[in-house]
Amino acid sequence: KAGVTQTPRYLIKTRGQQVTLSCSPISGHRSVSWYQQTPGQGLQFLFEYFSETQRNKGNFPGRFSGRQFSNSRSEMNVSTLELGDSALYLCASTTGTSTNYGYTFGSGTRLTVV
Amino acid sequence: DQQVKQNSPSLSVQEGRISILNCDYTNSMFDYFLWYKKYPAEGPTFLISISSIKDKNEDGRFTVFLNKSAKHLSLHIVPSQPGDSAVYFCAASGAGSYQLTFGKGTKLSVIP
C-alpha cells in the first residue's frame, strides 16, 4: 500500500514569489491535513480538507491556502513568500470519518525562501 | 499559548533501560492523544495512541499512560534500543476535530 506522497521534496524560492506543494494521500483516505514544522514553533496545523471542503483552518495568514481535488489529492499554495515561510511542510492523510484515527504523514517538502 | 507541552527538549538513556517521555496539556476538550516518532528529513511516524476513556494503552515495548486529572501523559519505552533514537512528539485532538495539536518534541538518544 503506497504511503502519502509529497512533491517536490525540496524547493528554493525567492522572497515575493509564490509556491505550490502537492500531496497524494493513501488510497481510500479522504482527509488531508497540512502542517508546518519550524525549529522554533514545532509542528503547526495549517488546514484540513475532506471531500474537497476545508473543514478546519489553523492560525495562519491568508497567504496560505489550499484545495483538494475529487481524487483526494491536495495542494497548498503560499503567495508572496517571506523568509519566515522557510520550513518543512508536512501533509497527512486519514480516512476522515472518525475522530479516533491515526494520521499517516508524508516525508514533507523542505521549502527554503531566500 | 502552548496547549501541548513537552518540557524536556532532550533525554539520554542507556540501551536496555526504560525511557520515559512526558507531555502535559491544558485544553480539557482534548480527548484523544497520540505519540509520533520522527527521524530527520522524514515525516512523523505514528507510534501509539490513547483515548481519554482509558488510562493505559500498550503496544509491544511502548506503553502510554494518561492521567486526566493532572492533564498529563507519558510514553514508556522498555527496553530502549539504539534504533529508538529520534524526536518524539506528543499530539492531541478534541472530539469532532480533525486537527492535531503537537508538542515541540523531545529528542531521545539511546546510548549503546
Side-chain angles (χ1 to χ4, degrees), chain A residues 3-7 9-10 21 23-26 29-51 53-60 68 74 87-110 112, chain B residues 1-10 21 23-27 29-54 57 59 62 64 66 75 86-107:
Chain A
V4 177
T5 304
Q6 290 189 247
T7 56
R9 285 299 307 273
Y10 302 94
L21 312 182
C23 172
S24 293
I26 288 174
H29 284 188
R30 293 162 62 193
S31 167
V32 173
S33 301
W34 290 89
Y35 290 82
Q36 180 196 64
Q37 186 185 17
T38 58
Q41 297 299 320
L43 276 147
Q44 292 190 289
F45 173 77
L46 281 154
F47 27 66
E48 185 255 356
Y49 287 87
F50 179 78
S51 293
T53 300
Q54 186 182 88
R55 284 197 297 199
N56 280 25
K57 188 177 190 310
N59 190 23
F60 277 82
Q68 187 180 34
S74 176
L88 179 67
Y89 289 88
L90 291 158
C91 163
S93 77
T94 186
T95 58
T97 55
S98 167
T99 52
N100 283 355
Y101 44 165
Y103 281 98
T104 302
F105 281 82
S107 297
T109 294
R110 170 71 64 183
T112 302
Chain B
D1 174 31
Q2 236 186 303
Q3 297 186 66
V4 177
K5 296 180 186 179
Q6 293 177 257
N7 291 320
S8 298
S10 62
L21 296 97
C23 178
D24 296 297
Y25 62 97
T26 58
N27 189 338
M29 300 302 290
F30 288 147
D31 71 343
Y32 197 67
F33 304 89
L34 309 90
W35 284 93
Y36 281 86
K37 173 181 177 180
K38 187 178 185 300
Y39 295 115
E42 292 184 15
T45 301
F46 171 74
L47 270 177
I48 191 168
S49 62
I50 188 166
S51 165
S52 60
I53 62 173
K54 295 186 175 180
N57 189 25
D59 185 1
F62 302 91
V64 57
L66 174 62
L75 174 68
V87 177
Y88 288 76
F89 290 95
C90 168
S93 71
S97 166
Y98 292 89
Q99 167 181 342
L100 294 177
T101 301
F102 282 87
K104 293 196 175 182
T106 296
K107 183 176 182 181

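The sequence lines fix the lettering, A, B, ..., with proteins before strands; numbering per chain opens at 1.
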Q: Please look at R110(A) and chain B and tell me whether the side chain, the backbone, both or neither of the residue comes under 4.5 angstrom of a heavy atom of that chain.
A: neither
Q: Give a yes or no on whether the backbone of F46(B) and the side-chain of Y103(A) come within a donor-acceptor separation of less than 3.5 Å.
A: no
Q | Check against side chain to side chain contact (heavy atoms under 4.5 Å, CB included), Y36(B) and L43(A) | A | CA-CA 12 Å; Y36(B) 281 86; L43(A) 276 147; over 6 Å; no
Q | Contact origin within L88(A) toward chain B - heavy atom pairs under 4.5 Å | A | side chain
Q. Can you tell me if NZ on K57(A) sees more than 12 non-hydrogen neighbours from other groups inside 6.0 Å?
A. yes
Q. Where the side chain of Y35(A) meets the backbone of L100(B), is there a donor-acceptor pair that is under 3.5 Å apart?
A. yes
Q. In terms of heavy-atom proximity below 4.5 Å to chain A, should Y39(B) be classed as side chain, backbone, both, or neither?
A. neither
Q | Atom pair CZ (R55(A)) and OH (Y98(B)), whose distance is rounded to the nearest 0.5 Å | A | 4.5 Å
Q) More than 12 non-hydrogen atoms from neighbouring residues, nucleotides or ligands closer than 6.0 Å to NZ on K104(B), yes or no? A) yes
Q.
Using heavy-atom distances under 4.5 Å, tell me whether F47(A) contacts chain B through its side chain, its backbone, both, or neither.
A. neither
Q. Side chain, backbone, both or neither: which part of Q37(A) has a non-hydrogen atom closer than 4.5 Å to chain B?
A. side chain
**Q.** Nearest heavy atoms of F105(A) and P44(B), plus distance in Å
**A.** CB-O, 3.4 Å
